[in-house]
Visitor: 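Sharing a structure with you now.
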Amino acid sequence: MHSLVTCRRYSLDFSRFILFHFQDFLQQYHTSPSKNPSLVSNSKNPITVFPQNCVNSPSKSNLSSNSARRIPSSNGNDILDFNSATVLETLSSYSNDWKQALEFFNWVEFSCGFQHTTETYNRVIDILGKYFEFDAAWDLIRKMRKSSSFARPDHTTFRIMFKRYVSAHLVKEAFDTFDQMEEFNLRDDVSFSNLIDALCEHKHVIEAEELCFGSNSNGGKHLFCSLNVKIYNMILRGWFKMGWWRKCREFWEEMDKRGIKKDLYSYSIYMDIQCKSGKAYRAVNLYKEMKKKGIKLDVVAYNTVIRAIGISDGVDVALKLYREMVELGCQPNVATYNSILKLMCENGRNKEALEMLNEMFKKGYKPNVLTYHCFFGSLQKPKMILNLFDRMIENGVRPRMDTYVMLMRKFGRWGFLRPVFLIWEKIEEHGLSPDEFAYNALIDALVQKGMVDMARKYDEEMIAKGLSAKPREELGGKLVSVASEDG
């Protein structure tokens, strides 16, 4: 049974989310149980109160027809008829609170009659897996299996499970999941590739290599793995993510010994490896090798080379390669501009970078959050950073949680507490739940300014939410240093 408190929480959180995502609301809608007694019905039956108030409160006449439409019910109360996109976005806004995500998932189905799709199931399964609620995730998968064809488990469902198990270092459980896919008629080469990709993505490359090429592969899973370049590329990328540069070189050479014909993606990965390992000049040599072999570069490969040549030979040479790329008919994308902007910002050429940002708009390229990260990492004036942050929001670019964390840490190190709180308030205004990194950034800033009591309050609040707080001497624990979050 849902309580009145649950109803009030949904009214507040859901309205904040709707405000940020649907711009045709007439005015900002803020409620709280203490300020808006109309949220509490005179009815003594909380079961009746929950669907009535939680459906009507955020909508009234404000809700966009693009997000949900109001339909009359037999008792005279309007019921929201949600579409899939709205449910997906709302679930995403609860990505840092699995309980609210699951409650909303159930509420929209049972109180609003929404018929969940495979995509909405997958979204909530992903959130549950993020917090190791695997039993609840499997309950939903079994529920999907029994449901109509409107929502059935697919390859994406189990790719999510692989990702969440492996990211939690539960490799055996990921293997068991692959075996169970036989029941769903999904134990095939696509699923095997997804499993290998998850292992490599989350630094379990040794297990991935053993599964593909080892003599003791469990249950014959390796039989799904043909010696194709796609699998090799995944493992090469896995060693890249591990930062094992020597192993990357050995595996690159092993591909030649095994007769694997390297493709564009192989070269793109290995060029990126050379850049990240501090050998940008070798990436440039690989670029020349590709040209000799007649491998036509795509925009992804060019982006890597532009970055490499900018590091080894300077920004101007990178700009020259960018112009050559365009002349050859390969159109840039936002990542191309991001590579050049990052080079400019790293070299203190912020004015030129801002001019290029304006050029992006003129040419119809919409900057993304990483575009603005280039500037946030290099600008040194709080006012300029906040103005650019506001401009980002006005241009429809939604900040990521690490965006807020980056700015809070930056302002905190500078000793500017007011902008730290401005960014903190933006997190809630944008309908998001702060994660542990956001809390720790705020607490660090407060501790630095000597505001220990307030810092302790936020420390207790994050622990109550089930987030991991770092021990601090000032708050009664051992101080632990945290690496910079600046991008």
Visitor: When the side chains of residues 124-138 are checked against the rest of the protein, which donor-acceptor pairs come out under 3.5 Å, sequence neighbours left out?
Guide:
from: D126; atom 1: OD1; to: K163; atom 2: NZ; distance (Å): 3.2
from: D126; atom 1: OD1; to: R164; atom 2: NE; distance (Å): 2.8
from: D126; atom 1: OD1; to: R164; atom 2: NH2; distance (Å): 3.2
from: K130; atom 1: NZ; to: S95; atom 2: O; distance (Å): 3.3
from: K130; atom 1: NZ; to: N96; atom 2: OD1; distance (Å): 2.8
from: Y131; atom 1: OH; to: N96; atom 2: O; distance (Å): 3.2
from: W138; atom 1: NE1; to: Y165; atom 2: OH; distance (Å): 3.0

Visitor: Do T86 and N83 pass the side chain to side chain donor-acceptor pair (under 3.5 Å) test, and can you show the C-alpha distance, the side-chain angles, and the key distance before you say yes or no?
Guide: CA-CA 6 Å; T86 304; N83 63 35; 2.8 Å; yes

Visitor: Checking D402 side chain against V405 main chain: does a donor-acceptor pair fall under 3.5 Å?
Guide: no

Visitor: I need the minimum non-hydrogen distance between A198 and V166, along with the two atoms involved.
Guide: O-CG1, 3.6 Å

Visitor: Taking all non-hydrogen atoms of both residues into account, name the closest pair between W414 and L379 and its distance.
Guide: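 In this case the closest contact between W414 and L379 is CH2-O, 3.7 Å.
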
Visitor: Strictly under 6.0 Å, is that where the ring centroids of F158 and F178 end up?
Guide: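 No, ring centres 6.0 Å or more apart.
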
Visitor: Inspect the contact between D197 and R159 and indicate whether a charged nitrogen and a carboxylate oxygen are less than 4.0 angstrom apart.
Guide: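 Salt bridge: no.
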
Visitor: Answer yes if the ring centres of F104 and W107 are under 6.0 angstrom apart, and no otherwise.
Guide: yes

Visitor: In sequence, state the C-alpha distance, the side-chain angles, and the governing distance for D459 and R456, and then conclude on salt bridge (charged side-chain N to carboxylate O under 4.0 Å, His left out).
Guide: CA-CA 5 Å; D459 192 68; R456 187 175 289 111; over 6 Å; no

Visitor: Starting at CD of Q180, measure out to CD1 of I141 and round the result to the nearest 0.5 Å.
Guide: 9.0 Å

Visitor: Could you tell me whether F114 and H116 have their ring centroids closer than 6.0 angstrom?
Guide: yes

Visitor: Working to the nearest 0.5 Å, report the span between CD of E119 and CG of L88.
Guide: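 Here the rounded value is 7.0 Å.
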
Visitor: Got a second to check how far I269's CD1 is from N233's CG, nearest 0.5 Å?
Guide: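 Here the rounded value is 4.5 Å.
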
Visitor: Check this for me: K143, atom NZ, are more than 12 non-hydrogen atoms of other residues, nucleotides or ligands nearer than 6.0 Å?
Guide: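 Yes, enclosed.
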
Visitor: Against C374, only a single residue in K342, E346, M344 fulfils side chain to side chain contact (heavy atoms under 4.5 Å, CB included); can you say which?
Guide: K342

Visitor: Mind checking whether H169 and H204 have ring centres under 6.0 Å apart?
Guide: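 Ring centroids of H169 and H204 are less than 6.0 Å from each other.
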
Visitor: Should L199 and F162 be marked as a side chain to side chain contact (heavy atoms under 4.5 Å, CB included) after you check the CA-CA gap, both sets of side-chain angles, and the distance that decides it?
Guide: CA-CA 8 Å; L199 290 167; F162 293 150; over 6 Å; no

Visitor: Kindly determine whether E183 and R145 satisfy salt bridge (charged side-chain N to carboxylate O under 4.0 Å, His left out), including the steps that lead there.
Guide: CA-CA 10 Å; E183 304 172 19; R145 186 181 180 184; 3.2 Å; yes

Visitor: Run the numbers on N122 and T157 for side chain to side chain donor-acceptor pair (under 3.5 Å), then give the verdict.
Guide: CA-CA 6 Å; N122 287 347; T157 309; 2.7 Å; yes

Visitor: Using a distance-only test with no angle check, is there a side-chain donor-acceptor pair under 3.5 angstrom linking S92 and R123?
Guide: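 Yes, side-chain donor-acceptor contact under 3.5 Å.
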
Visitor: Is it the case that more than 12 heavy atoms not belonging to K465 sit under 6.0 Å from its NZ atom?
Guide: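 Count over threshold, so yes.
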
Visitor: Does A151 offer a backbone N or O that forms a donor-acceptor pair with the side chain of T117 under 3.5 Å?
Guide: no

Visitor: Within this structure, what is the CZ-CG distance for the pair R409 and L407, rounded to the nearest 0.5 Å?
Guide: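 The CG atom of L407 is 12.0 Å from CZ of R409, to the nearest 0.5 Å.
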
Visitor: Measure from the side-chain N and O atoms of Q380 to the backbone N and O of S378, and report whether any donor-acceptor pair falls under 3.5 Å.
Guide: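 Looks like yes, one N/O pair under 3.5 Å.
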
Visitor: One pair to check against side chain to side chain contact (heavy atoms under 4.5 Å, CB included): K230 and Y265. What are the steps and the verdict?
Guide: CA-CA 9 Å; K230 180 180 177 182; Y265 190 49; over 6 Å; no

Visitor: Is the count of non-hydrogen atoms from other residues, nucleotides or ligands lying under 6.0 Å from W245 atom CH2 greater than 12?
Guide: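 More than 12 heavy atoms, drawn from other residues, nucleotides or ligands, come within 6.0 Å of this atom.
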
Visitor: Among R472, K410, R413, exactly one meets salt bridge (Lys or Arg N to Asp or Glu O under 4.0 Å) together with D444. Which residue is that?
Guide: R472

Visitor: Taking all non-hydrogen atoms of both residues, which atom of K366 and which atom of N395 are closest, and how far apart?
Guide: CE-O, 3.5 Å

Visitor: Let me see the working for F105 and Y121 under ring pair (Phe, Tyr, Trp, His ring centres under 6.0 Å), right down to the final yes or no.
Guide: CA-CA 9 Å; F105 181 87; Y121 269 102; 5.2 Å; yes

Visitor: Check P367 against V334 and note the closest heavy-atom contact, atom names and distance.
Guide: CA-CG1, 4.4 Å

Visitor: Judged by atom type as modelled, is there a donor-acceptor pair below 3.5 Å linking the side chain of N347 to the main-chain atoms of L343?
Guide: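 Answer holds: yes.
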
Visitor: Verify side chain to side chain donor-acceptor pair (under 3.5 Å) between R400 and N368, making sure each step is shown before the conclusion.
Guide: CA-CA 10 Å; R400 301 187 318 200; N368 59 24; over 6 Å; no

Visitor: Under the criterion side chain to side chain contact (heavy atoms under 4.5 Å, CB included), I'd like the reasoning laid out for Y365 against F361: C-alpha separation, chi angles, the key distance, then a yes or no.
Guide: CA-CA 6 Å; Y365 292 96; F361 283 105; over 6 Å; no

Visitor: If we count only N and O atoms by modelled type, under 3.5 Å, do the side chains of N333 and N303 hold a donor and an acceptor together?
Guide: yes

Visitor: Would you name the heavy atoms of L236 and C248 that are closest together and state the gap between them?
Guide: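 Taking every non-hydrogen atom into account, CD1-O, 3.8 Å.
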
Visitor: Looking only at heavy atoms, which two atoms of V369 and M392 are closest? And how far apart?
Guide: CG2-SD, 4.5 Å

Visitor: Is a donor from one side chain sitting under 3.5 angstrom from an acceptor on the other, for R307 and N338?
Guide: no

Visitor: Check the side chains of H155 and D188 for a donor-acceptor pair under 3.5 angstrom, ignoring hydrogens and angles.
Guide: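 H155 and D188 do have a side-chain donor-acceptor pair below 3.5 Å.
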
Visitor: May I ask you to decide whether R237 forms a salt bridge with E201, counting only side-chain N to carboxylate O separations under 4.0 Å?
Guide: yes

Visitor: Check whether the ring centres of W424 and Y439 lie less than 6.0 Å apart, and answer yes or no.
Guide: yes

Visitor: Where do R398 and T403 land on the side chain to side chain contact (heavy atoms under 4.5 Å, CB included) test, with the steps shown first?
Guide: CA-CA 10 Å; R398 184 181 182 182; T403 312; over 6 Å; no

